[in-house]
*Asks:* 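Take this structure first; my questions come after.
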Amino acid sequence: MNKQIPYKIYLQESELPKQWLNLRAFMKNKPAPLLNPQTLQPMTQAELSQVFCEELVKQELDDTTPYIDIPEEIIDFYKMYRPAPLIRAYCLEKKLGTPAHIYYKFEGNNTSGSHKLNSAIAQAYYAKKQGLTGVTTETGAGQWGTALSMACSYFGLDCKVFMVKCSYEQKPFRREVMRTYGANVTPSPSTTTAVGRKILEEFPNTSGSLGCAISEAVEAATEKEGYRYVLGSVLNQVLLHQSVIGLETKTALDKYGITPDIIIGCAGGGSNLGGLIAPFMAEKLQGKADYRFIAVEPASCPTLTRGKYAYDYCDTGKVCPLSKMYTLGSSFIPSASHAGGLRYHGMTSTLSELYDKGLMEARAVEQTSVFEAAEYFARIEGILPAPESSHAIRVAMDEAIKCKETGEKKTIVFGLTGTGYFDMMSYEKFHDGKMTDYIPTDDDLSKGFAGIPKI
Ligand SMILES: *Cc1c(COP(=O)(O)O)cnc(C)c1O
């Protein structure tokens, strides 16, 4: 096909996916099941339903249904900010002088500023349908909490957010956006939960971590009638909802007969990347096509590149089920890096399994080089990227520069997961030359590994 490719490939509303793609259904080697930390047996529907919404538990445990219908109410909400554009980075290509073709899927076009709304609205919908009063959750950088607040206010649900303390202090505006949408926001660790009090006793000066905020949110949900806990990443259900990113991307590329060579995404818990690659990985698993996939993580929290593949706790307080995943250990608290959304110690079991089987690559990058890429991108493509998203930009640019050296005309697609307006303190540090790169030593990591249970 030789159609001129526009700067932005927009889809029609009618081209919105009507079903999510369940990547696990295409995997011969399924991700390992969640285990009950007491009995070490796979978690049952009944056990999980004490913490999570019923329909979401069904989705969590379903590794055989390839496509799952998106309820009409959720599609209606998606229509407010989707389909998201797939953008041809013509300006970036020109500036880099690369023969590569670069595309990015932009998920920052909604008030929450990231892809997280795709799953937040689904989770709020199922909670409402179950007749619950509200949901609890944790938030790191604040994007998930914001997305969930929006989704909860849309369906009239109460929303309690435990926000990692350093973000709570660094990002007062995020907090206020959440409160604008009616959420109740508590800095974590807090004295409002038993697990929070225990963590504070042990580490009084901690700046908090996602793993710790998760423990608090789970406790708050299970203590209160009519509440369930919801999670913005890591779980299979979240990857399922995020498959809208990949499905739209595939539809847009197919319209112009474009086949990507490399697909790149940043990886915190793995949900945006899992969603972006879903239809492409499904093809690869079926032997229909081949693609390279690259997960990009911060060198300060190198889960895939330096972690262990083992059953581990999902949270610091060890209240959640055990998940088999790449992990740095649930007690690992990364340095206060500026990509809050990528500071999780583990990785979704689906991507962990695919990575372990060599179906996906991973790369760790340092934050000053990430911010260099972020600024370069902002000046050329106009969008001010989130620090998390900029990890993908860094590697997409690196790959495009390689193409310049080799003369290869590869097609690179990356996920631009969100905007960085609430991250200007980080940009300020970068501009003032005060940003540092902290890479944990093997010794630092071995402390985290020591806490991984022997199963
Ligand atoms: C949360 C977040 C991420 C990382 O989360 P994943 O579950 O790995 O996708 C990446 N980018 C942005 C903008 C985020 O808010």
Side-chain angles (χ1 to χ4, degrees), residues 84 104-120 123 137-150 161 163-164 167 171 174 177-178 210 213-214 230-246 263-278 293-298 301-304 314 323 325-326 334 337-352 355 360 362 365 367 370 374 377 383-395 414-423 426:
Y104 56 96
K105 180 71 169 170
F106 182 46
E107 289 290 325
N109 260 337
N110 67 78
T111 298
S112 78
S114 83
H115 65 283
K116 295 208 171 64
L117 196 54
N118 302 332
S119 182
Q123 298 196 44
T137 198
E138 77 298 328
T139 196
Q143 287 96 320
W144 167 245
T146 311
L148 189 69
S149 306
M150 291 175 70
V161 181
M163 184 169 187
V164 177
S167 297
K171 300 184 173 183
R174 272 267 176 226
V177 177
M178 286 186 250
L210 266 184
I214 294 174
V230 294
L231 185 55
S233 183
V234 184
L235 294 176
N236 291 312
Q237 55 186 275
V238 185
L239 263 75
L240 175 75
H241 307 146
Q242 294 299 355
S243 66
V244 291
I245 304 173
I263 302 174
I264 300 166
C266 62
S271 75
N272 86 80
L273 178 64
L276 174 66
I277 70 175
F293 303 101
I294 308 177
V296 190
E297 57 186 16
C301 190
T303 314
L304 288 170
C314 293
S323 176
M325 58 183 177
Y326 274 83
S337 100
H338 295 283
L342 305 182
R343 292 181 78 215
Y344 187 60
H345 69 273
M347 184 60 57
T348 180
S349 60
T350 301
L351 293 190
S352 291
Y355 177 65
M360 199 179 92
V365 290
Q367 65 174 351
V370 166
F377 181 85
I383 295 171
L384 181 81
E388 292 87 352
S389 323
S390 306
H391 286 66
I393 298 176
R394 172 76 270 164
V395 170
F414 74 90
L416 188 67
T417 50
T419 48
Y421 303 116
F422 291 105
D423 301 283
S426 309

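Order of appearance sets the numbers: ligands from 1, and atoms from 1 within every ligand. Just so it is clear, the structure is predicted and the values come from calculations on it, not from any experiment. What you see below is based on every heavy atom in this structure, not just the backbone, and it leaves out hydrogens, waters and symmetry mates. Numbers for residues simply follow the sequence, beginning at 1.
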*Asks:* Enumerate, one pair per line, all nitrogen or oxygen atoms of ligand 1 lying under 3.5 Å from a protein nitrogen or oxygen, stating the separation to 0.1 Å; write 'none' if no such pair exists.
*Replies:*
residue: ligand 1; atom: 7 (O); partner: S233; partner atom: OG; Å: 2.4
residue: ligand 1; atom: 7 (O); partner: S271; partner atom: N; Å: 3.0
residue: ligand 1; atom: 7 (O); partner: S271; partner atom: OG; Å: 2.7
residue: ligand 1; atom: 8 (O); partner: G268; partner atom: N; Å: 2.7
residue: ligand 1; atom: 8 (O); partner: G269; partner atom: N; Å: 3.1
residue: ligand 1; atom: 8 (O); partner: G270; partner atom: N; Å: 2.8
residue: ligand 1; atom: 9 (O); partner: H115; partner atom: NE2; Å: 3.2
residue: ligand 1; atom: 9 (O); partner: S271; partner atom: OG; Å: 3.3
residue: ligand 1; atom: 9 (O); partner: N272; partner atom: N; Å: 2.8
residue: ligand 1; atom: 9 (O); partner: N272; partner atom: ND2; Å: 2.6
residue: ligand 1; atom: 11 (N); partner: T417; partner atom: OG1; Å: 2.7
residue: ligand 1; atom: 15 (O); partner: K116; partner atom: NZ; Å: 2.5
residue: ligand 1; atom: 15 (O); partner: Q143; partner atom: NE2; Å: 3.4

*Asks:* Mind checking what makes side-chain contact (heavy atoms from CB on, under 4.5 Å) contact with P385, not counting sequence neighbours?
*Replies:*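 If we apply the side-chain contact (heavy atoms from CB on, under 4.5 Å) test to P385, skipping adjacent residues, the hits are A374, F377, A378, S390, I393, L416, Y427.
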*Asks:* Should T137 and W144 count as side-chain neighbours, where that means a heavy-atom distance under 4.5 Å?
*Replies:*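 In short, these two side chains touch, coming nearer than 4.5 Å.
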*Asks:* What residues, two or more places apart in sequence or in another chain, satisfy side-chain contact (heavy atoms from CB on, under 4.5 Å) together with A213?
*Replies:*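 A213: side-chain contact (heavy atoms from CB on, under 4.5 Å) contacts with E138, F162, V164, S188.
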*Asks:* How would you list, by chain and number, every residue that makes a salt bridge (charged side-chain N to carboxylate O under 4.0 Å, His left out) with R394, sequence neighbours excluded?
*Replies:*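 Partners of R394 by the salt bridge (charged side-chain N to carboxylate O under 4.0 Å, His left out) criterion, ordered by chain and then number, come out as D398.
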*Asks:* Can you tell me how far the OH atom of Y344 sits from the SG atom of C314, to the nearest 0.5 Å?
*Replies:*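 Spacing of OH (Y344) from SG (C314) equals 4.5 Å.
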*Asks:* Has S114 got a side-chain atom pairing as donor or acceptor with G418's backbone, closer than 3.5 angstrom?
*Replies:*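 No, the answer is negative, given that no donor and acceptor are paired below the 3.5 Å cut-off.
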